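One structure is given below, encoded as structure tokens.
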Amino acid sequence: MKINKFMRKNKTLIFVAFVYMVLFILNPDKATKAISNSTYYLVEMIMIMPVVYLLTVVLDALIPKEAIIKGFGFDSGLKGNILALFLGSISAGPIYAAFPISKMLLDKGASLGNVVIVLSSWAVVKLPMLANEAIFLGVKFMAIRWIFTVIAIFIMGYVFNRYLRTEDIPSE
């Protein structure tokens, strides 16, 4: 009974372990490389996530709910969208670090659209990345990609606000 319960709760983990086993049988070199990469990212997450959780708790304690509602809430309009874009753009760290912060914003009254804008800009509009993009691909390329990316991000934010409710997001 306990084994069935464990297997139901950990389907993804069991599937990944199975894939690794098959890969070890079919191509041991690639399996070793995959395990090495997975270990690297797991260690990176273990090092980063405690700091992210600590930052999230500090922000949660220091920033009043009213400020989040005013800056990122449903009635914040274009100002809230721009603030969300700015917050995501100045962020540091991998995208998975944005999820606890986004959850805190939702819990404090931010709109889904603005959270989508924070997450999306965190992933693809980071200011330090723009400088590197300009160096390697040119300023014109970077500017055009940035403009279309921001337009797409704002459209996604609008669609999320229009067709999804905060109640649709799983709670703890």
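As the structure is a computational prediction, the values presented were derived from the model and not from experiment. In what follows, every heavy atom counts, from backbone to side chain, and hydrogens, waters and symmetry copies are set aside.
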Fill in: Donor-acceptor contact present, side-chain Asn27 to main-chain Leu23, <3.5 Å
no

Worksheet item: Among all residues two or more places apart in sequence or in another chain, which pass the salt bridge (Lys or Arg N to Asp or Glu O under 4.0 Å) test with Arg165?
Response: Glu167, Asp168

Practice prompt. Find out whether Lys65 and Ile68 are in side-chain contact, i.e. whether some heavy atom of one side chain is under 4.5 Å from a heavy atom of the other.
Written response: no

Worksheet item: Are any of the side-chain heavy atoms of Tyr20 and Ser38 separated by less than 4.5 Å?
Response: yes

Item to complete: Look only at the side chain of Ser36 and the backbone of Thr32, and say whether a donor-acceptor pair between them is shorter than 3.5 Å.
Response: no

Discussion item. Would a single hydrophobic cluster contain both Phe72 and Ile82, if residues Ile, Leu, Val, Met, Phe, Trp and Tyr are joined by side-chain heavy-atom contacts under 4.5 Å?
Written reply: yes

Worksheet entry | Rounded distance [0.5 Å steps], CG in Leu87 versus CD1 in Ile101 | 7.5 Å

Worksheet item: So, the side chain of Ser91 versus the backbone of Gly88: is there a donor-acceptor pair under 3.5 Å, distance only?
Response: yes

Worksheet entry | In one Ile/Leu/Val/Met/Phe/Trp/Tyr side-chain cluster, 4.5 Å: Val19, Leu42 | no

Item to complete: Report yes if the side chains of Leu137 and Met142 come closer than 4.5 Å at any heavy-atom pair, otherwise no.
Response: no

Worksheet item: Is there a path of hydrophobic side-chain contacts, each under 4.5 Å between heavy atoms of I, L, V, M, F, W or Y residues, that connects Ile35 with Met45?
Response: no

Response to the item:
Between Leu106 and Ala110, the two heavy atoms sitting closest are CD2-O, 3.7 Å

Item to complete: Quick one: closest heavy-atom pair of Val125 and Leu130, and the distance?
Response: O-CD1, 4.3 Å

Practice prompt. For Lys126, check salt bridge (Lys or Arg N to Asp or Glu O under 4.0 Å) against everything at least two apart and list the hits.
Written response: none

Worksheet entry | In one Ile/Leu/Val/Met/Phe/Trp/Tyr side-chain cluster, 4.5 Å: Val159, Leu78 | yes

Discussion item. More than 12 heavy atoms of other residues, nucleotides or ligands under 6.0 Å from CG of Asn37: yes or no?
Written reply: yes

Discussion item. Take a 6.0 Å sphere around CE of Met7 and say whether it holds more than 12 heavy atoms from other residues, nucleotides or ligands.
Written reply: no

Worksheet item: Any chain of hydrophobic side-chain contacts (each under 4.5 Å) joining Tyr163 to Ile117?
Response: yes

Worksheet item: With a 4.5 Å heavy-atom cut-off, do Ile69 and Phe74 have their side chains touching?
Response: no

Worksheet item: Taking Ser76 for the side chain and Lys79 for the main chain, is one N or O donor matched with an acceptor at less than 3.5 Å?
Response: no

Worksheet item: Does Lys11 reach the side chain of Phe15, with side-chain heavy atoms less than 4.5 Å apart?
Response: no

Practice prompt. Give a yes or no answer on whether the side chain of Trp122 reaches the backbone of Ala97 with a donor-acceptor pair at less than 3.5 Å.
Written response: no

Fill in: Euclidean distance, Ile155 CD1 relative to Ile151 CD1, rounded to 0.5 Å
7.0 Å

Response to the item:
When Leu119, Thr149, Ile95 are each screened for side-chain contact (heavy atoms from CB on, under 4.5 Å) with Val124, the one that passes is Thr149

Item to complete: Check the pair Asp107 / Lys103 against salt bridge (charged side-chain N to carboxylate O under 4.0 Å, His left out), numbers first and verdict last.
Response: CA-CA 6 Å; Asp107 290 345; Lys103 178 67 170 141; 3.2 Å; yes

Discussion item. Tell me whether Asn114 contacts the main-chain N or O of Ala84 through its side chain, where contact means a donor paired with an acceptor under 3.5 Å.
Written reply: no

Fill in: Gap separating the CD1 atom of Ile46 from the OH atom of Tyr41, nearest 0.5 angstrom
15.0 Å

Fill in: Value rounded to 0.5 Å, distance of CG in Asp60 from CG in Leu55
11.0 Å

Practice prompt. Kindly indicate whether the side chain of Val52, heavy atoms from C-beta on, has any atom under 4.5 Å from the side chain of Tyr96.
Written response: no

Discussion item. Taking CZ in Phe99 as the centre, count heavy atoms belonging to other residues, nucleotides or ligands within less than 6.0 Å. Is the count above 12?
Written reply: yes

Item to complete: Could you pull out the closest heavy-atom pair between Pro100 and Met49, with the gap in Å?
Response: CG-CE, 3.8 Å

Discussion item. Minimum heavy-atom separation for Gly113 and Asn161, please, with both atom names.
Written reply: N-OD1, 2.8 Å

Worksheet item: Is it true that a side-chain atom of Lys108 and a backbone atom of Ala67 form a donor plus acceptor pair closer than 3.5 Å?
Response: no

